Protein chains: 2
Amino acid sequence: MTKRLTTIKDIAKALGISVATVSRAMRDTYDVSAETRKLVLDTAAKMNYRPNFNATGLVKSGTHKIAVIIPAITNYYFSTVITGIQEYALEQNYQVMLYLTNDSAYWETKVVRELSLSSVDGLLACITYETTDFSHFEELVEADMPLVFFDRVPESVKTSVVVQDDYTGACMATEHLIAQGYSKIAHLAGPPGLNLTQQRLRGYLDTLKKHRLESYGVIHSGFSDENGRQDINTLFNGASRPDAIFSVNDRKAFGVVLWLREHGILVGEEVGVIGFTNDPTSKIISPSLSTIAEPAYQIGRKSCEVLIRHIQKQSYPIQQISLLTELIVRESTQRKAVGKGADT
Amino acid sequence: MTKRLTTIKDIAKALGISVATVSRAMRDTYDVSAETRKLVLDTAAKMNYRPNFNATGLVKSGTHKIAVIIPAITNYYFSTVITGIQEYALEQNYQVMLYLTNDSAYWETKVVRELSLSSVDGLLACITYETTDFSHFEELVEADMPLVFFDRVPESVKTSVVVQDDYTGACMATEHLIAQGYSKIAHLAGPPGLNLTQQRLRGYLDTLKKHRLESYGVIHSGFSDENGRQDINTLFNGASRPDAIFSVNDRKAFGVVLWLREHGILVGEEVGVIGFTNDPTSKIISPSLSTIAEPAYQIGRKSCEVLIRHIQKQSYPIQQISLLTELIVRESTQRKAVGKGADT
DNA sequence: TCTGGTTTCGATAACGTTCTCGCTACTATT
DNA sequence: AATAGTAGCGAGAACGTTATCGAAACCAGA
């Protein structure tokens, strides 16, 4: 129950002019004299006027708001993406509404369906790893609501997508392991349904094949460090132990490093580990983690840019943007034995 | 330029009844027969009707949106708080608009000032560490806009606040260090202007005094691990080296641990380190970091709850809520020398 | 059959803004 | 001096919804 705010009418009354003139003076300079324009702007500032977005949105059917739907923000990648989105949006005078699905397909559907179509101009989404039915998104596309996916993207829905180059990143990671002298390489993969899981897996397998190496195991599971612990455990209880691990993301790799350390296995020297993301913690863990850096901030900015283009021009063609990744070499893929002398 | 959406009018026309009846059927059950109500609801679903929030907001002068203004989200504490806010808001059918200030007072002022008062029902804010002038917030309070601060709160503005018990937390941390046998304790403090900096500093000093110990140094700086590295460096280049560090937050403590490790100083055994936050990385770093756990998620939920109370009842009294912290003991404050035998 | 009270619904005005039209008054042209 | 053109402004409709008021329709009681 906030106090009544000053409206355009109040300004008009105070100045003895019509609301139409005030409205015009507020935006463009044409069709209104420079002096009345200045007069209006001054008294508007004096009366502490703020435009009512409900009213403008109603008549112009545009709200200058975009919705971001994302599984979570409590990790480096997602929070950085959001930061990029937020910054670009603010520059373009758009406001962002945040929706967390908590990786639940139920919540995702609910949020997308109940999201009043009239309250936002467009959507930026990253799907949960459970989502298999995309009809709630397809309904949006049919209603001509601008929609852009990033990172985790469905293949069926016909919209613009912005991702990192997962395939090449995985190739780089695997190549690096091989170059460092590891040959029994296993892959801790992500949830099977996800596009990025498939791309990284394919990069891994293709690179192995190129070097005529066999895979020492592929395990699909979630993204947490706990998942990493479990997976490395089953892997090391199996018949043939790997001498290197390529993990689908850094957090899972942290679990691996921790597990190996606890079991007295030297990370790097005995078993190489490489992740994907470049989470800041990868510099803090010891040994520090080699990884494939994702351009998270840029992905945020870029996907927001594409969305706003779609909003402002409905003829803007569908984009398939893939940003480059970068190999970051740290201790977890270094065989220090070389410098250590005749230890083996 | 989305397709025209179905409005309440379309439903009225399709059913041959008035818009008023449709509107009533849509919300309450009184003043409309059960059959027409059902009829309306069914055709509304069939025609894929979504309410236009601009229109409802215009007439009801309430938007069911709240704004969250926060320095950043790329760290554990803030992203977890936001998660709590978001979840509670969604439960109560409120939508969250996110604004990042990037710890810039300029951006904070800009965002708060330009934020159309009419586009949100209330604000949840955490100030930057630069902010010294709070007039942009005071203007909001004068306009009767519901406003709640969390974590970093200004003392001058008369609003509800939700924080963790920083003072007691700092006391617990210092007590723990003393109980573990450390006596030359230094404090790496936060930016001096912040309330939480002062509270934690006071808890540290009071506890020292209680045990008749002297402070081995207090350095104010930012919250990053880089700040931690620099501060420990100046501390160890000084005349009297501390044997324990209480850091205002975990990230800064990470910098300390890393610096000590690089300089061959045994963390825990030679120099105890304790942080504040319970960032997940504190379990990953080695040695693992003792810390004071903050109820970040609960702070998010609680502050959102208080805000919504204020929105729904303007007579709701101003709250001063302080949530409990918890001591988490890990390796960085353990003197293993005891078990190690006659090493010293 | 009439009265009084419900129930159910419709007309219409608001909310704050923009947009379309048209009117006035001024300037320039001949 | 008459006309055409244009700059500047006002009146009113429109956007989609809710709120107020009143009218019809129904029911029960006498």
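Protein chains get the first letters and strands the later ones, always in sequence-line order, with residue 1 at the start of each. Model, not experiment: these values are computed from the prediction.
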Using the test side-chain contact (heavy atoms from CB on, under 4.5 Å), find all partners of B:Lys60 that sit at least two apart in sequence or belong to another chain.
-> none
Has B:Ser18 got a side-chain N or O lying under 4.0 Å from the OP1 or OP2 atom of C:dA11?
-> no
Enclosure of B:Tyr129 OH (heavy-atom neighbours >12, cutoff 6.0 Å) | no
To the nearest angstrom, how far is A:Lys13 atom NZ from C:dG16 atom P?
-> 11 Å
Give a yes or no answer on whether the side chain of B:Asp121 reaches the backbone of B:Ile66 with a donor-acceptor pair at less than 3.5 Å.
-> no
For atom CE of B:Met47 and atom P of D:dG16, their distance in whole Å = 13 Å
Side-chain heavy atoms of B:Arg24 within contact of B:Arg27, under 4.5 Å = yes
Under 4.0 Å between a side-chain N/O of A:Thr7 and OP1 or OP2 of C:dC15, yes or no?
-> no
Between atom CG in A:Asn54 and atom C1' in C:dA14, what is the gap in whole Å?
-> 15 Å
Pull out every protein N or O sitting under 3.5 Å from an N or O of nucleotides 18-22 of chain C, one pair per line with the distance.
residue: C:dT18; atom: OP2; partner: A:Ser23; partner atom: OG; Å: 2.4
residue: C:dC19; atom: OP2; partner: A:Arg27; partner atom: NH1; Å: 2.9

From CA spacing to verdict: ring pair (Phe, Tyr, Trp, His ring centres under 6.0 Å), B:Phe149, B:Phe137 = CA-CA 10 Å; B:Phe149 288 103; B:Phe137 286 120; 4.9 Å; yes
Nearest-angstrom distance from the residue atom NZ of A:Lys9 to C1' of C:dC15 = 8 Å
Could you tell me the separation between the CZ atom of B:Phe53 and the P atom of D:dT18, rounded to a whole number of Å?
-> 10 Å
Euclidean distance, atom CG of residue A:Leu58 to atom P of C:dG16 [Å, nearest integer] | 12 Å
For nucleotides 26-28 of chain D, tabulate all protein N/O to nucleotide N/O atom pairs closer than 3.5 Å, reporting atom names and distance.
none

Strictly by modelled atom types, are A:Ser33 and A:Thr36 linked by a side-chain donor-acceptor pair under 3.5 Å?
-> yes
Does a donor on one side chain sit under 3.5 Å from an acceptor on the other, for A:Arg50 and A:Asn48?
-> yes
For A:Arg37 and D:dC9, what is the distance between atoms CZ and P respectively, to the nearest whole Å?
-> 12 Å
Please tabulate, one pair per line, all N/O donor-acceptor pairs under 3.5 Å involving side-chain atoms of residues 298-305 of chain A, not counting sequence neighbours.
residue: A:Arg301; atom: NH1; partner: A:Glu91; partner atom: OE2; Å: 3.2
residue: A:Arg301; atom: NH1; partner: A:Tyr297; partner atom: OH; Å: 3.4
residue: A:Arg301; atom: NH2; partner: A:Glu91; partner atom: OE1; Å: 3.0
residue: A:Arg301; atom: NH2; partner: A:Glu91; partner atom: OE2; Å: 3.4
residue: A:Ser303; atom: OG; partner: A:Ile299; partner atom: O; Å: 2.7
residue: A:Ser303; atom: OG; partner: A:Gly300; partner atom: O; Å: 3.1
residue: A:Glu305; atom: OE2; partner: A:Arg309; partner atom: NH1; Å: 3.2

With B:Tyr99, which of B:Ile69, B:Ile70, B:Leu123, B:Val112 fulfils side chain to side chain contact (heavy atoms under 4.5 Å, CB included)?
-> B:Ile69
Distance-only polar pair, side chains of A:Asp133 and A:Ser135, donor-acceptor under 3.5 Å = yes
Taking only side-chain nitrogens and oxygens of B:Ser33, does any of them come within less than 4.0 Å of OP1 or OP2 of C:dC9?
-> yes
How bent is the helix from C:dT1-D:dA30 to C:dT30-D:dA1, comparing axes over its five end pairs at each side, to the nearest 10°?
-> 50°
Residues that B:Glu108 engages under side-chain hydrogen bond (donor to acceptor under 3.5 Å, both in side chains), provided they are two or more places apart | B:Thr131, B:His136
How long is the line joining CD1 of A:Ile17 and C1' of D:dG10, in whole Å?
-> 10 Å
